[in-house]
Undergrad: 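Pasting a structure here, questions to come.
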Amino acid sequence: TAQVDVDMEMISSEGIDHPPGDLLSLNVPIEVVDSDGSGTTVNAPVNISDGLDPVLNGASGGTVDENVLQSSTRDNTSGSVDDQVGSDVLVDANVVLDSVLTSGGNAVTLAANPNGAGWWIARADGVQVFRVRVQDNGNSQFQLYQPLDHSYGDDTTAPLDVTFSVSMEDADGDTSNTVSLSYQVTH
């Protein structure tokens, strides 16, 4: 029995989704046929390491004005999250409210998960106060529906910062670093 070493090259034409962890192990069948037509099939182990994780380089939000709520149901603004896509496309944003806020004297809490349209809804005593959305292209939106309680009272125009921790997840579950995204609420 003769033994032959064969060099093999495998080229991926697009990204490969990995299971949890960063290593995908495959057995690739290789058929070897000699000059007299007899052959055999062997499995060659191939290990594919996951590529780069997504990276967030910063974020910036806008400003909403509570005075708009006197003549409209909401005030809107937009912002952005500067994302650097890794080896896989971004599919989800993770958003956590960092600010401790009240509206009408009631604590404001952010939902644990976004709704079907990607909005994270913040409520106080069951009433929607604001919502925020961070899309996989880095665009973000903030919509204010109810006034927030400002610690300085109603006699000042000092803005209130509404700050979130944001991270992004790619198609095979890799999570980016976390950045701070802040919107200002004036009155």
Side-chain angles (χ1 to χ4, degrees), residues 6-31 42-64 73-101 108-123 128-146 148 160-185:
V6 177
D7 289 327
M8 182 177 81
E9 181 177 357
M10 189 170 160
I11 299 172
S12 172
S13 61
E14 58 186 65
I16 298 173
D17 289 338
H18 286 69
D22 287 337
L23 184 64
L24 177 63
S25 296
L26 305 173
N27 282 319
V28 178
I30 299 175
E31 184 177 359
V42 296
N43 285 323
V46 176
N47 292 320
I48 303 171
S49 296
D50 195 7
L52 302 173
D53 290 345
V55 174
L56 303 182
N57 296 312
S60 61
T63 300
V64 293
T73 58
R74 70 175 187 233
D75 192 17
N76 306 295
T77 189
S78 60
S80 64
V81 175
D82 181 14
D83 57 48
Q84 181 180 339
V85 178
S87 303
D88 303 298
V89 297
L90 297 175
V91 295
D92 287 316
N94 299 303
V95 179
V96 175
L97 178 62
D98 292 333
S99 301
V100 176
L101 304 168
V108 174
T109 57
L110 190 67
N113 294 298
N115 66 16
W119 289 100
W120 298 76
I121 310 293
R123 298 183 186 278
Q128 178 175 260
V129 177
F130 61 80
R131 63 185 183 170
V132 63
R133 175 169 60 183
V134 178
Q135 296 171 294
D136 55 13
N137 64 4
N139 292 334
S140 67
Q141 295 89 30
F142 182 88
Q143 296 178 343
L144 181 68
Y145 290 87
Q146 298 293 323
L148 294 166
L160 179 65
D161 288 330
V162 180
T163 303
F164 304 91
S165 291
V166 176
S167 62
M168 301 292 282
E169 187 174 306
D170 70 14
D172 66 2
D174 297 321
T175 302
S176 73
N177 58 307
T178 300
V179 295
S180 182
L181 172 63
S182 291
Y183 289 94
Q184 286 195 332
V185 177

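Because only heavy atoms are used, hydrogens play no part in the values below, and waters and symmetry mates are left out as well, while side chains stay in.
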Undergrad: How close do Ser60 and Ser140 get, counting heavy atoms only, and between which atoms?
TA: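 Residues Ser60 and Ser140, closest heavy atoms: O-OG, 4.5 Å.
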Undergrad: Taking side-chain contact (heavy atoms from CB on, under 4.5 Å) as the test, write out the residues that go with Gln84, two or more places apart.
TA: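 So Gln84 forms a side-chain contact (heavy atoms from CB on, under 4.5 Å) with Val55, Asn57.
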Undergrad: Measuring from atom CG of Asp170 to atom OG1 of Thr175, what distance do you get when rounded to the nearest 0.5 angstrom?
TA: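 Asp170 atom CG to Thr175 atom OG1 measures 7.5 Å (nearest 0.5 Å).
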Undergrad: Can any side-chain N or O of Asp75 pair as donor or acceptor with the backbone N or O of Leu144 at less than 3.5 Å?
TA: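 Looks like no, no N/O pair under 3.5 Å.
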Undergrad: Answer yes or no: is there a donor N or O on one side and an acceptor on the other, between the side chain of Asp161 and the main chain of Thr163, under 3.5 Å?
TA: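 Not a single qualifying donor-acceptor pair exists.
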Undergrad: So, using ring-ring contact (aromatic ring centres under 6.0 Å, His included) as the criterion, who are the partners of Phe142 when residues are at least two apart?
TA: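 In terms of ring-ring contact (aromatic ring centres under 6.0 Å, His included), with neighbours along the sequence ignored, Phe142 is linked to Phe130, Tyr183.
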Undergrad: For the residue pair Val81 and Val179, establish whether any side-chain heavy-atom pair is separated by less than 4.5 Å.
TA: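 When only atoms from C-beta onward are counted, Val179 and Val81 do touch, with a gap below 4.5 Å.
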Undergrad: Could you tell me which non-hydrogen atom of Ala111 sits nearest to which non-hydrogen atom of Trp120, and how far apart they are?
TA: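 Heavy atoms of Ala111 and Trp120 come nearest at O-CE3, 3.4 Å.
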Undergrad: So how far is it from Leu101 CG to Thr109 OG1, rounded to the nearest 0.5 Å?
TA: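 Rounded to the nearest 0.5 Å, the CG-OG1 separation comes to 10.5 Å.
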Undergrad: Hey, does Gln184 have a side-chain heavy atom less than 4.5 Å from the side chain of Thr77?
TA: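 Side chain of Thr77 against side chain of Gln184, heavy atoms only: no contact under 4.5 Å found.
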Undergrad: Can you tell me how far the CG atom of Leu110 sits from the CZ atom of Arg131, to the nearest 0.5 Å?
TA: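 These two atoms lie 12.5 Å from each other.
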Undergrad: What distance do Ile121 atom CD1 and Gln143 atom CD have between them, rounded to the nearest 0.5 Å?
TA: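 With rounding to 0.5 Å, CD1 (Ile121) is 8.5 Å from CD (Gln143).
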Undergrad: Rounded at 0.5 Å granularity, tell me how far CG in Asp83 sits from CE in Met168.
TA: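 So the CG of Asp83 and the CE of Met168 are separated by 5.5 Å.
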Undergrad: What are the two closest non-hydrogen atoms of Leu181 and Ser80, and how far apart are they?
TA: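 Leu181 and Ser80 have their closest heavy atoms at CD1-O, 4.2 Å.
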Undergrad: If every non-hydrogen atom of Pro45 is compared with every non-hydrogen atom of Asn27, which pair is closest and at what distance?
TA: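 Here Pro45 and Asn27 meet closest at CA-OD1, 3.7 Å.
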Undergrad: Just how far is it from atom OG of Ser180 to atom CG of Asp98, taken to the nearest 0.5 Å?
TA: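 If we round to the nearest 0.5 Å, Ser180:OG and Asp98:CG are 6.0 Å apart.
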Undergrad: Taking only residues two or more places apart in sequence, or in another chain, which ones meet Thr178 in a side-chain contact (heavy atoms from CB on, under 4.5 Å)?
TA: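 Ser165, Ser167.
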Undergrad: So, do Leu97 and Val162 sit near enough that their side-chain heavy atoms are less than 4.5 Å apart?
TA: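 Leu97 reaches Val162 side chain to side chain.
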